[in-house]
Amino acid sequence: WPTSVLIAHAGYERVLSGELGLPQTENPGFAGAFNARASRATVAGCSALDQSPLSVRLRVKCKSADRFNIFVAHEPKRSPSHWELYSYQGDGTLSFYMPGNRPDVLRSKACVTDGKWHDVAAVLAGDRVRLYLDGRLVGDGPVTRSFGQAKGETRLGVGCLVEGGITCDGWIDELCIRAADT
C-alpha cells in the first residue's frame, strides 16, 4: 500500500494527501492521515463506483462507538446507488449499508472503534459483499440489489455522508477504491 490515498480513478489522491489543505494528523507511521474529526471531504465520483466488482479499502482510527462513524460513502442516502462503509453506533462494529439490498446492512462482530489503527475493506464481487478487518474476513452477505443505476458524475464522501449529517470521529488514511472499469 502507498502512504497516501489511491483511488483508481485519477485525481482523488489530492483529497487525503494534504494537497487540498484539509486537516492532517501528526502520527508516526501514518503522517498525513486525514483528520475526519476536524473536517470532511466530498469529491466528484463516477458511475464506476456503482458497479460490481468494487473494492473499498482504507486504514481508520476511531475511539468512539457512541455514534455512527462514516468512513466512505457513495451518493446521498436517498440515491439507489448509495453505499457506505462505517462503524455501527453502540458497539463500533464494521458495517456496510446498501439501500435496496436484502438485507440492506451487513454488520460484522468486529469492533473498529478501539482507538487503534485498523485496515478495513469492503469487497463487492458477484453476488456477495465481504467485510475485512486487518486482513481477516469478518462479514459476508448476499448482494441482491442491481448495480449500474448511477449515470454520469456522482459524489463520494470521505469521513462523512455526501449530503452531510453523519461524519467520522477519527482519522482515515490510505483510501483505495477499485471499480469495475479499472
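Cluster annotation: Leu133 is not connected to Val123 through the hydrophobic network of ILVMFWY side chains, with a link wherever side-chain heavy atoms come within less than 4.5 Å. At a threshold of 4.5 Å between side-chain heavy atoms, the hydrophobic network of Ile, Leu, Val, Met, Phe, Trp and Tyr places Ile172 and Val162 in two separate groups.
Side-chain atoms of Trp83 and Val129, non-hydrogen and from C-beta on, never get closer than 4.5 Å to each other. Arg78 is not listed as a side-chain neighbour of Pro99, based on a closest heavy-atom distance of 4.5 Å or more.
Among all heavy-atom pairs drawn from Ser87 and Val112, the shortest one is CB-CG2, 3.7 Å. Nearest heavy-atom pair, Glu75 versus Ser81, reported as atom, atom and distance to 0.1 Å: CG-OG, 3.4 Å. Here the closest non-hydrogen pair linking Ser95 and Thr93 is OG-O, 3.2 Å. Contact detail for Leu94 and Leu131: the closest heavy-atom pair is O-CD1, 3.7 Å. What you find for Asp91 and Arg107 is that their closest heavy atoms are OD2-NH2, 2.5 Å. The shortest non-hydrogen separation linking Ser52 to Gly126 is OG-N, 3.8 Å.
Shown here are the side-chain contact (heavy atoms from CB on, under 4.5 Å) partners of Thr167, two or more places apart in sequence or in another chain: Arg40, Arg67, Cys160. With sequence neighbours excluded, the residues forming a side-chain contact (heavy atoms from CB on, under 4.5 Å) with Ala121 are Arg57, Tyr132, listed by chain and number.
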As a quick check of understanding, evaluate side-chain contact (heavy atoms from CB on, under 4.5 Å) for Leu124 and Phe96, giving each step before the final call. CA-CA 11 Å; Leu124 288 87; Phe96 192 79; 3.7 Å; yes
Go through the steps for Asp169 and Lys63 under the test salt bridge (Lys or Arg N to Asp or Glu O under 4.0 Å), then give the verdict. CA-CA 7 Å; Asp169 187 22; Lys63 293 182 181 180; over 6 Å; no
Residue pair Asp119, Arg59: steps toward the salt bridge (Lys or Arg N to Asp or Glu O under 4.0 Å) verdict: CA-CA 4 Å; Asp119 183 15; Arg59 293 196 46 90; 5.2 Å; no
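Distance check, rounded to the nearest 0.5 Å: CG of Leu175 to CG of Leu85 gives 9.5 Å. We find the CZ-CG distance between Arg178 and Leu54 to be 11.5 Å, quoted to the nearest 0.5 Å. Remark: Lys61 NZ to Asn35 CG distance equals 10.5 Å, nearest 0.5 Å. The CG atom of Asp134 sits 5.5 Å away from the NE2 atom of His118 when rounded to the nearest 0.5 Å.
Counting heavy-atom neighbours within 6.0 Å of Lys116 NZ, excluding the residue itself, gives a total of 12 or less.
Val105 belongs to a hydrophobic cluster whose other members, connected by ILVMFWY side-chain contacts under 4.5 Å either directly or through intermediates, are Phe68, Ile70, Tyr86, Tyr88, Tyr97, Leu161, Ile166.
Formation of a donor-acceptor pair under 3.5 Å by the His82 side chain with backbone atoms of His74 is found in this model. Judged by distance alone, with hydrogens and angles left aside, the side-chain atoms of Arg155 form no donor-acceptor pair with the main-chain N or O of Pro76 at under 3.5 Å. For Thr144 (side chain) and Pro142 (main-chain N/O), no donor-acceptor pair under 3.5 Å exists by modelled atom type.
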